[in-house]
Amino acid sequence: MLTLQGVSKRFEQLVAVDDLSLTVQAGQLVGLVGPNGSGKSTLLNVIAGALAADHGHIHFAGHDITRSSAAEIFQFGLARSFQDPSLFGRMSVLDNMLLPVKGQLGERPTQAPWRRRWLPQEYQFARQANAELRQVQLQKHYDNQASDLSGGQMKLLALSRTLMGAPQLLLLDEPTAGVAPALAYAIFERIADLRRNQGLTFLIVEHRLEILFEFVDYVYVMHLGRIIAQGTPAEIEANAQVREVYFGE
Ligand code: ADP
Ligand code: MG
């Protein structure tokens with residue numbers, strides 16, 4: 001579903017992503033781990049089209065997206081969430097949910113003046129948003145400002161919002177950062193459920209290896225912009241080079 005071949009991204013002197021290749025198969029749950037500053041967020045930005053790759057090729061779902069814009073890549077079915085939840089704090093929870101919905105008639109200048117043309121569709125999207133919010137116990141907060149949510153609730157809203165764009169592949173940047181352990185576990189349960197029941201594919205950057213390794217099929221380890229190891233969670237746990245980078249053993 002996603003293939004990177006020899007992808008590089010440089011910030012002046014610093015090579016943040018260095019000749020990197022990886023693959024994510026459809027329906028897989030893949031982890032991307034590595035110390036702070038190893039280039040994980042930069043890599044997600046390059047895949048999602050927020051940053052242009054300097055070298056290499058990126059393919060997603062049959063499209064060469066190496067030179068595609070972030071908007072085009074999103075239309076192809078790739079959605080991402082951010083390390084900080086990046087919600088619109090002064091918009092309601094429901095309005096945040098409705099932002100990424102594709103094909104909204106009310107957004108078209110030729111349709112917008114006629115409420116009756118788009119209202120049924122908007123009700124339908126609102127019902128869909130409500131069903132997603134119910135999954136993460138946020139439905140009673142639908143009319144609250146997003147900035148009034150707790151940190152954990154914001155992470156849940158960010159994940160739920162990503163789903164409203166009907167993606168096939170989700171890139172999640174630290175979906176449990178700053179969240180209490182029990183809720184972090186619940187977030188991964190939700191991700192596993194989405195993979196199982198909706199066939200969604202995930203590439204997840206995560207620092208909590210003990211939780212991540214319980215859920216993912218495959219792990220890539222990044223260090224100084226490169227993949228230094230890859231394998232199943234059991235293989236990664238047993239890898240001496242990974243232990244050295246992570247724990248200084
Ligand atoms: P990670 O997500 O693994 O912690 P990042 O991708 O955020 O790592 O950062 C990788 C390296 O690139 C770091 O040294 C960081 O300081 C640098 N970096 C990230 N974004 C930029 C930028 N926009 N301009 C310059 N340097 C950047
Ligand atoms: Mg990061």
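Keep in mind that the numbers below use all heavy atoms, side chains included, and drop hydrogens, waters and symmetry copies. As the structure lists them, so they are numbered: ligands from 1, and atoms in each ligand from 1.
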message: Please compare Asn36, Leu43, Thr42 and report which has the shortest non-hydrogen distance to atom 6 (O) of ligand 1.
response: Thr42
message: Which residue and atom name correspond to the protein heavy atom nearest atom 4 (O) of ligand 1, and how close is it?
response: Gly37 N, 2.8 Å
query: Under a 4.0 Å N-O cut-off, is there an ion pair linking Asp95 with Arg90?
result: no
- prompt: Under the 6.0 Å and 45° cation-pi test, does Arg80 pair with Phe82?
  reply: yes
message: When you measure from the Mg ion (ligand 2) to the N, O or S atoms of Gln83, does any of those distances fall below 2.8 Å?
response: yes
field: Residue that, paired with Asp18, satisfies salt bridge (Lys or Arg N to Asp or Glu O under 4.0 Å) out of Lys9, Arg10, Arg226
entry: Arg226
- prompt: In terms of atom number and element, which parts of ligand 1 are under 4.0 angstrom from non-hydrogen atoms of Ala16?
  reply: 12 (O)
- prompt: Between the side chains of Asp173 and Ser41, does any donor sit under 3.5 Å from an acceptor?
  reply: yes
- prompt: Among all protein non-hydrogen atoms, which one is nearest to atom 23 (N) of ligand 1, and what is the separation to 0.1 Å?
  reply: Phe11 CE2, 3.6 Å
- prompt: Is there a nitrogen or oxygen of Gln83 sitting under 3.5 Å from a nitrogen or oxygen of ligand 1?
  reply: no
task: Kindly indicate, with the supporting measurements, whether the criterion side-chain contact (heavy atoms from CB on, under 4.5 Å) is fulfilled by Leu94 and Asn130.
output: CA-CA 8 Å; Leu94 178 62; Asn130 189 52; 6.0 Å; no
query: Which residue supplies the protein heavy atom nearest to atom 8 (O) of ligand 1, what is that atom called, and how far is it?
result: Gly39 N, 3.2 Å
message: Any N/O/S atom, side chain or main chain, of Ser41 closer to the Mg ion (ligand 2) than 2.8 Å?
response: yes
- request: Specify the protein heavy atom at minimum distance from atom 16 (O) of ligand 1: its residue, its atom name, and the distance to 0.1 Å.
  value: Leu14 CD2, 4.7 Å
query: Parallel under 30°, tilted from 30 to 60°, perpendicular over 60°: which one fits the rings of Tyr185 and Phe215?
result: perpendicular
- request: Look at atom 2 (O) of ligand 1 and find which of Gly34, Ser41, Gly225 reaches it with the closest heavy atom.
  value: Ser41
query: Any ion pair linking Glu72 and Arg67 (charged N to carboxylate O, less than 4.0 Å)?
result: no
